[in-house]
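Take a look at the structure below.
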There are 2 protein chains.
Amino acid sequence: METVDWRSPDLVAGDCPLSRTLDIVGGKWNAMIIRELLAGPRRFTSLRAGVGPIAAKVLAERLRVLEDYDIVVRDARGGVPAHVEYRLTSRGLTLGPVLAALWRWGVADEASWRGQPPASGRAG
Amino acid sequence: METVDWRSPDLVAGDCPLSRTLDIVGGKWNAMIIRELLAGPRRFTSLRAGVGPIAAKVLAERLRVLEDYDIVVRDARGGVPAHVEYRLTSRGLTLGPVLAALWRWGVADEASWRGQPPASGRAG
DNA sequence: CAGTATCCCCGCCGATACTG
DNA sequence: CAGTATCGGCGGGGATACTG
């Protein structure tokens, strides 16, 4: 399983594959958004409800960024405004296994972890 | 590969396995630090060089948090100050596959991705 | 070498109000 | 419904100086 070359040429933050993936998945809400979208297309409000207590502005922001990364598509059905769907691009779908790995670690970890997380959680 | 229950009871940010994993791995420098440590124990300065352009204060901070999470151990060899080693705990080591997944996506992605990332990268 | 202490800044995020 | 506009703060992170 550990057949990864951690000693790749660019280890520097900005350029290494790790950072680049985390630019997409590591942000505060991004993983949640992608998770919701892995279950199928969603409308803005529904998405917002599913993700958690996220401000509309922030969700819109994140979605725009994820669009720029070609992870998410905004689909205004037939040009009707006020009916918009977001879904994952094919590129976005490839993040499934990545989120799965993160998820699984969290689950396995929960079983073994008997300690308090350092108070400052990602949960607001 | 997709045998993960995305519809688990707690989807809310703070409690879901995804967030908890990202609390550890998703921070700005954390993944880099863990990556360095996956290659073996390191001293503070060496670690700092390997991780990238990180301020000493921040590295010390991050290391303390990772200690609290029981991911990293600080090992003052024989009580000699000014000779300290950091290494992963057994729990920390289990993050290997997780980082590997992130890394691999970044690599595979680099090949297919023909677009500019949205300027605001994680790289300072 | 392995950090601490201090200062400052900016970007992220949240809340509220408003719009097509 | 699907956002935008605006403001405000708070804390994470960087630079620099200092210490055992």
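Residue Arg43(B) places no side-chain N or O under 4.0 Å from the OP1 or OP2 atom of dC1(C). At dC1(C), none of the side-chain N or O atoms of Tyr86(B) fall inside 4.0 Å of OP1 or OP2 (strictly under the cut-off). For Arg62(B), a side-chain nitrogen or oxygen approaches OP1 or OP2 of dG13(D) to under 4.0 Å.
In this structure, Lys28(B) places its NZ atom 9 Å from C1' of dG14(D), rounding to the nearest Å. In this structure, His83(B) places its NE2 atom 11 Å from C1' of dA2(C), rounding to the nearest Å. Spacing between atom CG of Asp75(B) and atom P of dC1(C) amounts to 18 Å, rounded to whole angstrom units. We find that CD1 of Ile54(B) is positioned 14 Å from P of dG12(D), with the value rounded to whole Å. Residue Leu59(B) contributes atom CG, which lies 16 Å from atom P of dG12(D) at whole-angstrom precision. In this structure, Ile33(A) atom CD1 and dA2(D) atom P are separated by 15 Å, rounded to whole Å.
Contact record, Ala100(A) with Val4(B): CB-CG2, 3.5 Å, taken as the closest heavy-atom pair.
Annotation: of the two residues near DNA chain D, Val58(B) and Arg48(B), the 5′-most nearest-nucleotide partner is Val58(B).
Here dG20(D) sits opposite dC1(C) as a Watson-Crick or G-U wobble pair (both hydrogen-bonding atom distances under 3.5 Å). Pair assignment for dC10(C) gives dG11(D), based on Watson-Crick or G-U wobble hydrogen-bonding distances that are each under 3.5 Å.
If you chain together hydrophobic residues whose side chains sit under 4.5 Å apart, Val73(B) and Val65(B) never meet in one group.
The existence of a salt bridge linking Arg20(A) and Glu110(B) is confirmed by a sub-4.0 Å separation between a basic side-chain nitrogen and an acidic carboxylate oxygen.
Distance alone, capped at 3.5 Å, places no donor-acceptor pair between the Ser46(A) side chain and the Arg42(A) backbone.
Side-chain N/O atoms of Thr94(B) and Trp105(A) include a donor and acceptor closer than 3.5 Å.
Atoms OG and CD1, from Ser19(B) and Ile24(B) in turn, are 11.5 Å apart once rounded to the nearest 0.5 Å.
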Pairs under 3.5 Å (N/O, protein and nucleotides 4-7 of chain C):
unit_1 : atom_1 : unit_2   : atom_2 : d
dT4(C) : OP2    : Arg64(B) : NH2    : 3.1

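Contact check for Leu37(A) versus Ile34(A): no side-chain heavy atoms found under the 4.5 Å cut-off.
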